Number of protein chains: 2
Amino acid sequence: MSKGDRAVARERIIESMEQSAEVYGLSRSAGRIYGVLYFSENPLSIPDLVEETGYAKSTISNVTRTLTRIGLIHRRSSEGGGRRVHYSAEREIWFILQDVFQQYIKREIQTTLRTIQRAQAQLPDDSETEVERIEELRETYEDFQEIVTLASNFTAAELREALESYDR
Amino acid sequence: MSKGDRAVARERIIESMEQSAEVYGLSRSAGRIYGVLYFSENPLSIPDLVEETGYAKSTISNVTRTLTRIGLIHRRSSEGGGRRVHYSAEREIWFILQDVFQQYIKREIQTTLRTIQRAQAQLPDDSETEVERIEELRETYEDFQEIVTLASNFTAAELREALESYDR
DNA sequence: CAGTTTGTTCGGTACACTCCGAACAAGCGA
DNA sequence: TCGCTTGTTCGGAGTGTACCGAACAAACTG
């Protein structure tokens with residue numbers, strides 16, 4: 001196997017990560033930066049990433065901040081205590097998804113549920129259509145909340161096991 | 001309870017749907033149109049929706065097409081066999097989510113997995129870093145695929161039950 | 001048949017987002 | 001102290017997207 005073959009395989013997968021990034025609401029640059037870090041043996045600095053990706057320094061700076069906030073990559077101050085900062089990829093993708101569940105989906109569900117509950121509190125029982133519809137919504141969202149809460153506390157293996165072993 | 005109170009509650013929830021729409025990659029108009037249909041007693045035509053939402057006719061036409069394609073709303077030709085078309089909301093939100101899982105997430109996972117497998121097929125076994133990383137990725141995505149496949153065949157109640165009854 | 005209503009398509013505008021380069025701040029070594 | 005390197009911030013160019021209004025096609029109504 002030549003070095004070139006490995007490079008080609010790596011490049012294909014990084015391109016696939018660029019595409020996935022877009023699907024999940026991130027920019028293509030975010031996908032590439034994550035990909036480069038994913039395959040890198042050592043943590044990389046911003047100048048390293050400029051070299052590897054071809055993006056401008058400012059782009060790397062901005063994207064690494066958002067990726068760090070989301071938890072897709074980790075920021076480490078250099079060992080020497082210097083100013084230089086290094087980034088490494090979080091390779092346990094399940095951790096990332098758990099964070100997405102916890103921070104975004106769960107939050108989104110909770111916000112909606114609270115809106116529904118507040119709206120409901122102002123409306124006495126009544127057979128009007130709006131009231132029925134709102135009650136329907138509340139029940140649905142309570143189910144979702146429970147499912148997401150449970151799922152986000154499992155590991156991927158546990159989740160898989162739970163689903164595989166469940167007998168209807 | 002005054003008619004006004006119900007209108008206010010309805011409006012709040014529709015605003016919440018507008019926001020959710022953005023989170024899931026749709027436009028705000030899509031959220032509002034879905035919301036209006038969700039609360040409507042009868043299916044509504046495009047002119048009805050123009051009246052209710054204030055959006056231009058062309059916007060309603062375009063958005064209803066995408067919402068129909070996704071399965072969030074249903075399109076019904078008028079009973080009289082006329083040209084007039086009516087839309088109604090799919091209120092079983094779990095069906096919608098199952099579709100999202102099936103069509104988008106599962107597809108996205110499959111595409112990625114195929115890329116990984118093709119890349120792997122070209123690389124003989126070897127202890128190089130890229131090869132290890134690619135193997136790691138493949139295992140992770142195979143787990144995801146299994147989880148999504150199983151989950152998308154459950155009803156919301158079954159899924160909740162499966163997670164609640166699983167004993168580690 | 002003409003006039004009206006309904007729905008789609010097309011071009012254009014406004015706005016947000018991505019990325020770049022330049023300017024700047026902050027620490028390093030001489 | 002003065003360069004040199006690293007990282008952040010800011011303004012702007014290019015691009016895609018949401019929405020609008022106008023023009024058009026198709027069916028009903030008198």
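Keep in mind the model is a prediction, meaning the values are calculated, not measured. The sequence lines fix the lettering, A, B, ..., with proteins before strands; numbering per chain opens at 1.
Annotation: A:R91, atom CZ; neighbour count of heavy atoms from other residues, nucleotides and ligands within 6.0 Å is above 12.
Looking only at atom types and distance, the side chain of B:S45 has a donor-acceptor partner in the side chain of B:R84 under 3.5 Å away. If you check the side chains of A:S152 and A:Q98, you find no donor sitting under 3.5 Å from an acceptor. Under the 3.5 Å distance criterion, with hydrogens and angles disregarded, no donor-acceptor pair is assigned to the side chains of A:S27 and A:E22.
Terminal axes of the helix from C:dC1-D:dG30 to C:dA30-D:dT1 (five pairs each, C1' rotation axis) are separated by 10°, to the nearest 10°.
The shortest distance between the side-chain N/O atoms of B:R65 and the OP1/OP2 oxygens of C:dT9 is below 4.0 Å. Contact between the side-chain N/O atoms of A:S61 and the OP1/OP2 oxygens of D:dG7 is not found at any separation under 4.0 Å. Of the side-chain N and O atoms in A:R84, none sit less than 4.0 angstrom from OP1 or OP2 of D:dC4.
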Between protein and nucleic acid, restricted to nucleotides 17-24 of chain C and to nitrogen or oxygen atoms under 3.5 Å apart, what atom pairs and distances do you find?
from, atom 1, to, atom 2, distance (Å)
C:dC19, OP1, A:S29, N, 3.3
C:dC19, OP1, A:S29, OG, 3.4
C:dC19, OP2, A:S27, OG, 3.2
C:dC19, OP2, A:S29, OG, 2.3
C:dC20, OP2, A:A56, N, 2.9
C:dC20, OP2, A:T59, OG1, 2.6
C:dG21, N7, A:S58, OG, 3.2
C:dG21, O6, A:S58, OG, 2.8

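Between the B:E90 side chain and the B:E92 main chain, a donor and an acceptor come within less than 3.5 Å of each other. In this structure, the side chain of A:E164 does not engage the main chain of A:E161 through any donor-acceptor pair within 3.5 Å. When atom types are taken as modelled, the side chain of A:S16 and the backbone of A:R12 share no donor-acceptor pair closer than 3.5 angstrom.
With respect to the salt-bridge test (charged N to carboxylate O, under 4.0 angstrom), the residues B:E135 and B:R138 qualify. In summary, B:E52 and B:R10 engage in a salt bridge, as defined by a charged side-chain N under 4.0 Å from a carboxylate O. At a threshold of 4.0 Å, the pair A:R32-A:E11 counts as salt-bridged, since one of the basic side-chain nitrogens sits closer than that to a carboxylate oxygen.
Looking at heavy atoms from C-beta onward, A:E158 lies in side-chain contact with B:Y166 at the 4.5 angstrom threshold.
Atom OH of B:Y87 and atom C1' of C:dT6 are 11 Å apart (whole Å). We find that CG of A:L49 is positioned 13 Å from P of D:dT6, with the value rounded to whole Å.
Of all the residues in residues 32-47 of chain B, not one reaches under 4.0 Å from DNA chain D with any non-hydrogen atom.
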